[in-house]
Amino acid sequence: MISLCYRSLVKLFHIQNSKLSRNHRLLHHFTHSQLELNTPTSITLPQHKNRRSRQNTTIPKAKMEPNQDTATMNQEEDELDTKERVLQKYFLQEWKIVKSLLDDTVHNARVSDPSSVHKIRSIMDKYQEQGQLLEPYLETIVSPLMSIIRSRTIELGVASDEILDIIKPICIIIYTLVTVCGYKSVVKFFPHQVSDLELAVSLLEKCHLTNSVTSLRQESTGEMEAKCVMLLWLYILVLVPFDISTVDTSIANSDNVTEFEVAPLVLRIIGFCKDYLSTPGPMRTMAGLVLSRLLTRPDMPKAFTSFVDWTHTVMSSATEDAFHHFQLLGVVAALASIFKAGSRNLLLDAIPVVWNETSVLYKSSNAARSPLLRKYLMKLTQRVGLSSLPHRLPSWRYMGRITKLNVSLNTSNKIDQSNLAVNDNFSDSNEIADGEDEDMEVPDHVEEIIEMLLSGLRDMDTVVRWSAAKGIGRISAHLTSSLSEEVLSSVLELFSPGEGDGSWHGGCLALAELARRGLLLPASFPKVVPVIVKAVHYDVRRGPHSVGSHVRDAAAYVCWAFGRAYYHADMRSILEELAPHLLTVACYDREVNCRRAAAAAFQENVGRQGNYPHGIDIVNTADYFSLSSRVNSYLHVAVFIAQYEGYLFPFVEDLLDRKICHWDKSLRELAAEALSFLVKYDPQYFASAVIEKLIPCTLSSDLCMRHGATLATGELVLALHQCNFALPSDKQKSLAGVVPAIEKARLYRGKGGEIMRAAVSRFIECISISKVALSEKIKRSLLDTLNENLRHPNSQIQNAAVKALKHFIPAYLMTSDNKGPSDVTAKYLGMLTDPNVAVRRGSALAIGVLPCELLASQWRNVILNLCGCCAIEENPEDRDAEARVNAVKGLTSVCETLINGREDSATSFIENDSLFILMKNEVMMSLFKALDDYSVDNRGDVGSWVREAALDGLEKCTYMLCKIDKLVCLSGRSDGNEIESIAHPSADSMPKNNQELPFFDENLATNLVGGICKQAVEKMDKLREAAANVLCRILYNQIIYIPHIPFREKLEEVIPKEADIKWAVPSYSYPRFVQLLQFGCYSRDVLSGLVISIGGLQDSLKKVSLLALLDYLEGVGSEKPDTRSSRVYMLSVDIQWVLQQYKKCDRVIIPALKTIEILFSKKIFLNMEAHTPTFCAAVLDCLAIELKGSKDFSKLYAGIAILGYVASVSEPINMRAFSQLLNFLAHRYPKIRKASAEQLYLVLLQNGNLVAEDKTEKALELISETCWDGNIDLAKHQRLKLYETVGLEVGPLGKSSDGSKKISSKKPIDMDENASYSSLVESSGF
């Protein structure tokens, strides 16, 4: 929960950079009022509209001058312009709309269109955060509307039924302004004639009798708003400067009222307010305000006494229902308002009763359950205490300063110095004044009140602590200096180690209030500052997390208050102490609100205390937006600040003591990296003191400490190596023993073992890069550690081990004289076939990072083994998508390593070009097969991981083959333009035939582009974007030209060379890629992916992809007249190929059948003349195979729908479809029998040529009267009748229509992981 002080900090942190302050200057310029703000005097760079440009931006003076001139010119123009035009320009932008609606309301003397009320309210709601922007318009809005209420009420009379319909919509508008701007700003423009008092009371009485129809604000008809506005009106009217009894007309008409009785009008108002005090709505607050003004009038002592007696009854009641709870809230809030507004003489007699009830109620169960009630009790308690003390300013308080906006910096400094002198003289006279203060009598119950407020500082809720802190500040301002010191001592006791986080937070708020009011004297700084430093870093571990962010936020608020309250002479002693701690929190705190609050406090001190070393540079770097990112704060802002004197060592100390042992794992990793970024400023200090402190911590019993210390040690060693700092031999020996010591202590076991494994792998990686000296025994031990981590099922641990292995082997194993290196490759190759999937995953990645020297002897075996691991395993129990992903990545890495090693080595270890031939024939083919990996498990489409890795691998292997091809072509050239020729080959350098380019030919290019395009039109957004980006890089590669791509020019039209194209957006990508259907070399691949999108389950994707296909078939953008017919024919041929290619593969067949059904419904394929029967026959052949014995409802439904469309075409193909539909009438699934009957009925109605006219009616009657989803025997009997009716021969009766009894052969092993999907669909009832 963000504490309340944070909002103040953030607001004041950037008020000088916001447009709001400029608007205020303009507004007050036109209203001729003097603006006096307590804004910081620090200088900050102007903030740009683009937030990205605010981070770490330093604007040279030369570049700032034009902007300053423009700003000055605009300001001069605004000052010469009219008030209305400036308000229109900078404030309510929708004023024209609002004014037109208001003018219509004023003209008609009522709201004519109810929608205008909601329109105005929606406009006003946008200004909730900056209600001051509406204040210039309040008089223009509120005064006419209240005049309508007043005039129409006088005109129609209160008794009229129409009056409520008139005022309720108007009250909605006024109450919206109250919620946005506050009641104090709005109520100033209410009419306040004396004669309006009775009128307002009568209107309130009429509104009081109505109830709200709904509690929803959007559906409100104005009942609640009307009550609130009437109460606010009374809030002004009860201040009439005459005795209310002289205004009450009911007294003039009655002879029974004596001068000592309360006027009936007052009794009516009090009665309404008492009722509203018991409601949960905003009327409760408004009623309390009215009572505070009414009962504190000089002529209302009897009414006040009576009300206090009533509150005593309510507060002492033992009832605990909901009504009483709301009534308690209202009564306590009303009493707090009364004690705030009333005079001390009036309230003194009521203080004993009210305080006694308040103290009892605070200890009750009602208060324990309600934070809001405790907050109101705190407000009431402090008001009672203030009323008990004389109202005067203490002479001993610290006198602060007020900075005017129109005072320049030089003038401000002079004023500050003069004020400081006055303050010093004033403080010298405190001794005399203190003697007079000590004579002040303090009532006994004030001590109890202070005790209650101090207990409120310990409350569990922030709102209660905040109210108690303000009460402590207010009451201390009326005490003597000695009593105030006692209060301060009590507040400081809240910071004892035994207190909870709530006490620390409340204590910080109280200290900030004392400082803001000048009640915390500089003499108390030695006691207060150490406490604040502890609070700035307060963080208490509780289980798996910690508490204390609100305490650190409030501590920053205290530092902010110090900067605003004291002069530089008094702050000089503590500013240097606080600054490093504030900047430490600003850079390294986990919570963004704490970082921003600390930076705001530092900025305030820099701006107000002046002449702080490097203060402006630090403030400009550690601004509101640069601190929003934790990574940026740790790795950039902190590094910039650490260059200045006095900050490096506090930063390092904070990281070592608090951050590398933090409970958040990601924060420990970030802290270790941040520590390494600081090494460049003092390598010797880090190499000696810091590493010596960290190494013992790697064996700490605390998991967080040893994990963070291990990471930090490794990062420091790497940073020292990058700074070219040579570690002494004794330090290297200590570092070499870290991992063996961890293993000896068995810190991999139990809780946190996985975290330590990853940290150890990172440590080994860092010392390997730094080449720390290791003994042979330790080398073998570390290699065993990495191999063990490679076998771990956690992918993060495996990846960390692979990164470490990449640097460990070249650093330590390649220089060894033993046979260890030669055994590493064979060991990892053997692990590729291990039954443990985790071992297979890790070994594939490990082979990918082996150096070329280790792969040279077994490169062919390595490649072939990895190619085999890329394919889907035959045994379903051994299948693992992650292992195949790692195999694809490892295969690509091995190819890159071998080719780079071949180019770098003086003598080739690979004879001829066998490596490239193997890449073309085996590697590329394996990657193409991986591109067809559509494995599915309980996690979803896990094959997409393999396909994504295959796309990356295909791109890299293509570059490698093309680069070798071009180098072979240019091997005879020596003109020095080889690189230019590779990127932009000329016609002369291109080969004349394919024999000269055996590695990357046209067939490979076609398969490559086709496979990528297929992924670019499938259903996953991530894969579509990845495929399109790969194809774009292949087409427009500036380093290596990819040749032999068919229809390259057309492809470049489809895939433009533009940055930031959103290929993942279906409406952009599908209309482009569907154009490739016109090219025979790509059409089949594109269609096999497109049908999955069109026939898929995602409606939005289906609509976009289908629309793109239909637009393509209609020939949109083509000028040829026969475009549609030719494209439809090509599509029909490609669909036949898809049905044959993916036979019995439900992943493609089901969406393909749905696609055919959709296209048939759009009259596609039905008008191809001679080609239509051929296409329909092919589809029927496919359906006969696919629907036979199928249990998949979606496939059966799509097949039946297709049969219905085919049965409507010309003979003889229609009779074949009609016959198959009849067979489904005896299907074992009732829903399929019913669907077939419905389709038959439609076919017979639409096609009169299938059956003779005299038999059609009988067949339709038979179909409609039979319950096909009932008894199957009855369905079979009725099917026989239908056969006889239509004149078709009945097939063998011993075989069911679905062919379930025909299948007697052994079911083959299903290689598809989708095999169980049909059972899932069946169980769902489709």
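Scope of the values below: all heavy atoms of this structure, side chains included, with no hydrogens, waters or symmetry mates.
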### Task
Apply side-chain hydrogen bond (donor to acceptor under 3.5 Å, both in side chains) to Asn789 and Ser761, showing your working.
CA-CA 8 Å; Asn789 290 347; Ser761 296; 2.9 Å; yes

### Pair Phe677 and Tyr634, ring centroids less than 6.0 Å apart
no

### Query
According to the interplanar angle, ranging from 0 to 90°, do the rings of Tyr644 and His614 count as parallel (below 30°), tilted (30 to 60°) or perpendicular (above 60°)?
parallel

### Message
Parallel, tilted or perpendicular: which one describes the rings of Phe525 and Phe562, with boundaries at 30° and 60°?
### Response
tilted

### Task
Using the ring of Tyr748 (Phe, Tyr or Trp, six-membered ring only), decide whether Arg757 places NZ or CZ under 6.0 Å from its centre and within 45 degrees of its axis.
yes

### Task
Let me see the working for His707 and Lys665 under side-chain contact (heavy atoms from CB on, under 4.5 Å), right down to the final yes or no.
CA-CA 9 Å; His707 174 253; Lys665 175 176 173 287; 4.1 Å; yes

### Message
Check whether Tyr538 forms a cation-pi arrangement with Arg552 (NZ or CZ under 6.0 Å from the six-membered ring centre, at most 45° off the ring normal).
### Response
no

### Task
Mark yes when over 12 heavy atoms from residues, nucleotides or ligands other than Glu576 sit less than 6.0 Å from its CD; otherwise mark no.
no

#### Entry: Sole candidate of Asp589, Asp654, Asp664 that passes side-chain hydrogen bond (donor to acceptor under 3.5 Å, both in side chains) when paired with Lys659
Asp654

### Task
Compare every heavy atom of His545 with every heavy atom of Arg541, then report the nearest pair and how far apart it is.
CD-O, 3.5 Å

### Message
I need the full list of salt bridge (Lys or Arg N to Asp or Glu O under 4.0 Å) pairs touching residues 525-537, with sequence neighbours left out, sorted by first then second residue.
### Response
Glu485-Lys527

### Task
May I ask you to check whether Tyr681 and Tyr685 place their ring centers less than 6.0 Å from one another?
no

### Message
Contact between Leu627 and Asp623 at the side-chain level, heavy atoms closer than 4.5 Å - yes or no?
### Response
no

### Query
Rounded to the nearest 0.5 Å, how far does SG of Cys587 lie from CG of Leu582?
11.0 Å

### Task
Look up atom NZ in Lys680 and atom CD in Gln643, then write down how far apart they are to the nearest 0.5 Å.
8.0 Å

### Query
What heavy-atom pair brings Leu494 and Leu454 nearest, and what distance separates the two atoms?
CD2-O, 4.5 Å

### Query
Should the pair Tyr557 and Trp560 be assigned to parallel (<30°), tilted (30 to 60°) or perpendicular (>60°) ring geometry?
parallel

### Message
Within this structure, what is the CZ-OG distance for the pair Arg590 and Ser633, rounded to the nearest 0.5 Å?
### Response
13.5 Å

### SB check Glu669 Arg762 (cutoff 4.0 Å)
no

### Query
Is any side-chain N of the basic residue among Asp461 and Arg374 closer than 4.0 Å to the acidic one's carboxylate O?
yes

### Message
Closer than 4.0 angstrom, basic N to acidic O: yes or no for Glu591 and Arg595?
### Response
no

### Task
Could you walk me through whether Leu329 and Ser370 pass the side-chain contact (heavy atoms from CB on, under 4.5 Å) test, one step at a time?
CA-CA 9 Å; Leu329 292 174; Ser370 175; 4.1 Å; yes

### Option passing salt bridge (charged side-chain N to carboxylate O under 4.0 Å, His left out) with Arg458 (candidates Glu499, Glu493, Glu451)
Glu499

### Query
Do you know the tightest heavy-atom contact between Cys661 and Cys704?
O-CB, 3.6 Å

### Query
Where is the tightest heavy-atom contact between Ala579 and Phe602, given as atom of each residue plus distance?
CB-CE1, 3.9 Å

### Task
Could you grab the distance from atom CD of Glu673 to atom CD of Glu715, nearest 0.5 Å is fine?
6.0 Å

### Query
How long is the span from the OG atom in Ser484 to the CD1 atom in Ile475, to the nearest 0.5 Å?
11.5 Å

### Query
How many angstroms lie between atom CD of Glu754 and atom CD1 of Ile797, to the nearest 0.5 angstrom?
4.5 Å

### Task
Dump the intermediate steps for side-chain contact (heavy atoms from CB on, under 4.5 Å) on His537 and Thr584, then the final yes or no.
CA-CA 9 Å; His537 299 288; Thr584 299; 4.1 Å; yes

### Query
So does Asp657 pair up with Lys693, basic N to acidic O under 4.0 Å?
yes

### Task
With sequence neighbours left out, write down each residue that passes side-chain hydrogen bond (donor to acceptor under 3.5 Å, both in side chains) with Tyr127, or none if nothing qualifies.
Glu94

### Message
If I compare all heavy atoms of Ala598 with all of Ala586, which pair ends up nearest, and what's the gap?
### Response
CB-N, 3.7 Å

## Note on the structure
Residues Ser701 and Arg706: closest non-hydrogen pair is O-NH1, 3.2 Å

